[in-house]
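Note sheet for the following structure.
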Amino acid sequence: MTLAHLILLLLYLHLSSSRSTPASGPPQEDLVEQKCLLQKYTHRSCNKVFCQPWQRCIEGTCLCKLPYQCPKAGTPVCATNGRSYPTYCHQKSFECLHPEIKFLNNGTCTTEGKFNVSLIYGNTDTEGIVQVKLVNQDEQMFICKNSWSMTEANVACLDLGFPQGVRDIQGRFNIPLNLRINDTECLHVRCRGVETSLAECTFTRRRTKTPHGLAGVVCYTQHEDFPTSQSFQCVNGKHIPQEKACDGVNDCGDQSDELCCKGCRGTAFLCKSGVCIPNKYKCNGEVDCITGDDESGCEEDRQRKIHKGLARSDQGEETEIETEETEMLTPDMDTERKRIKSLLPKLSCGVKRNTHTRRKRVIGGKPAEVGDYPWQVAIKDGTRINCGGIYIGGCWILTAAHCVRASKYRNYQIWTALLDWLKPNSQLAVQGVSRVIVHENYNGATYQNDIALIEMRKPPGKKECELPHSIPACVPWSPYLFQPNDRCIISGWGREKDNQKVYSLRWGEVNLIGNCSEFYPGRYYEKEMQCAGTSDGSIDACKGDSGGPLVCKDVNNVTYVWGIVSWGENCGQPEFPGVYTRVANYFDWISYHVGRPLVSQHNV
Ligand code: 4AZ
């Protein structure tokens with residue numbers, strides 16, 4: 001055998017052995033999006049998750065609301081400082097600012113009654129069998145093993161003062177042999193995973209004949225940590241086995257193992273935003289994915305389950321058959337949290353009124369009809385219409401910076417509900433402009449930050465702008481709401497491919513395009529720009545479309561302004577897709593100028 005043969009053989013052996021290591025499916029680290037991990041997302045990153053109703057999203061992080069910002073309706077709750085708060089939201093908001101003050105129970109405070117969690121029969125004080133004393137009960141009680149998961153264990157460890165949560169829910173504990181715990185007497189507990197104290201979880205007792213075994217926990221401490229090349233590093237510093245990332249279970253305690261996923265293990269559900277959630281959260285009546293996909297198509301889902309005879313319990317998971325009655329021992333704060341969520345102010349945007357009749361079809365963009373694009377506006381500069389704009393609510397129009405100059409605001413007119421500027425339709429309205437705000441870092445040479453806001457003049461004596469035929473498009477608050485290959489719509493009065501003038505509003509469907517640096521090396525800035533087009537280039541924005549909308553619809557048919565027509569090399573050439581300002585990157589800039597309530601649909 002020659003040396004070359006030997007090298008080939010060794011290479012072959014190496015390849016075949018490394019190929020055979022994973023038991024099945026793709027290599028495990030393939031499920032994790034490495035670039036996303038650099039962002040250090042956690043359960044408080046509002047680009048990836050919804051904030052709690054007592055939090056709001058400021059520059060990508062869920063921060064504490066002030067108690068007065070909570071909805072007023074609700075019943076009082078008592079906290080561990082012995083004080084009553086008007087609602088659960090008020091208490092959680094107060095706790096958010098003073099973490100040592102935790103939830104105790106529902107109702108006003110009385111002097112007696114404390115909630116207590118402790119660990120016993122462990123080898124160290126970081127582990128043991130979980131013992132609880134409920135507020136209205138005198139004796140210490142144990143928790144049944146079959147109701148105990150990483151979710152509940154994380155809450156218990158957090159409650160016990162281990163900020164990184166649980167290490168394991170299996171352990172060797174020294175339950176004395178002479179201690180014969182009647183484990184049919186144990187408690188069942190259910191947490192949502194957002195609680196900071198076990199007192200917020202729901203405790204029930206089910207009188208069954210079967211013994212359950214008792215729940216135990218090993219809480220996580222850094223000094224017992226053994227990171228290996230196989231471990232996943234959580235944002236909170238904890239190390240977990242690689243195969244526990246993207247399985248829908250919050251093993252990290254800060255959820256950082258579930259927020260950067262290309263796929264999910266087992267039965268976990270992958271949100272379009274790249275987040276893995278437990279399968280039981282799909283179609284449970286509460287939106288968990290910021291993209292809403294966990295609660296879409298649920299009717300069919302339910303039908304299918306019924307059809308297959310797999311009807312499950314209300315929680316959407318398989319539970320043991322409850323032969324005996326279930327006794328509620330503590331209030332259901334999870335339902336209360338959902339109720340508070342439903343009371344938060346709601347924004348109305350991105351939903352059209354149903355006014356649909358027929359539709360004409362034309363190649364390479366189609367003519368629009370009245371009411372099709374109620375957020376589309378035209379910007380008239382003196383005598384010409386050179387740019388489009390997008391109505392985002394109040395008196396505000398979003399457009400491209402290269403379309404306007406702040407000093408020239410008197411020259412502009414906003415034409416709303418316009419279809420054809422040769423044959424004005426009856427719905428057309430014309431608004432004056434009171435102010436133009438151009439992004440302070442707009443670069444006319446590179447087209448970076450090609451975004452501007454136009455404030456329309458209010459009618460004399462009015463506090464609001466009145467636009468009866470316009471509907472705002474929603475402003476995307478997260479860069480994860482839409483992804484490459486999603487289908488979106490562009491519209492405008494721009495030129496046709498042969499540079500022919502266009503007088504009527506036209507629209508076309510395009511796909512979002514990833515890796516656009518391939519088309520525009522050195523000129524494309526991923527964070528600030530978004531490419532879109534079709535594989536043959538037949539649909540594209542062109543001269544005159546600038547400042548106008550690239551809109552995308554979410555799973556619930558809510559329309560977002562994902563891009564602003566910005567630039568591109570020529571028009572209609574597949575090797576040079578259209579480039580749009582990535583609006584999600586400017587959410588904070590927009591909300592700073594127009595006011596948070598106008599554009600915050602969630603996480604207010
Ligand atoms: C322009 O000149 C322009 N094909 C707008 C969009 C595109 C090209 C040029 C994209 O306003």
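Nothing fancy with the numbering, it's 1 onward along the sequence. Both counts, for ligands and for their atoms, begin at 1 and track the order of listing. Every value quoted in this text rests on a predicted model; they were computed, and no experiment measured them.
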Among protein heavy atoms, which lies nearest [atom], and at what distance?
| atom | result |
| --- | --- |
| atom 2 (O) of ligand 1 | Lys543 CA, 3.7 Å |
| atom 7 (C) of ligand 1 | Ala541 O, 3.6 Å |
| atom 11 (O) of ligand 1 | Ser546 OG, 2.8 Å |

Determine, for [Y] and [X], whether the Lys NZ or Arg CZ falls below 6.0 Å from the six-membered ring centre while staying within 45 degrees of the axis.
| X | Y | answer |
| --- | --- | --- |
| Lys352 | Tyr373 | yes |
| Lys244 | Phe232 | no |
| Arg192 | Tyr281 | yes |

* To do: Answer yes or no: is there a side-chain heavy-atom contact under 4.5 Å between Ile240 and Cys252?
  => yes

* Structure fact -> Filtering Asn386, Val579, Asn570, Ile490 for the heavy atom nearest atom 8 (C) of ligand 1 leaves Asn570

* Asked: Considering Gly568, Cys571, Cys542, Gly544, which one's heavy-atom position lies nearest to atom 5 (C) of ligand 1?
  -> Cys542

* Counting both backbone and side chain atoms, is some N or O of Ser566 under 3.5 Å from an N or O of ligand 1? -> no

* Are Tyr391 and Trp375 near enough that their ring centres are under 6.0 Å apart? -> no

* Asked: Is it true that the SG atoms of Cys246 and Cys261 are less than 2.5 Å apart?
  -> yes

* Heavy-atom contact under 4.0 Å between Asp545 and ligand 1? -> no

* For ligand 1, is any non-hydrogen atom under 4.0 Å from Phe576's backbone (N, CA, C, O), its side chain (CB onward), both, or neither? -> neither

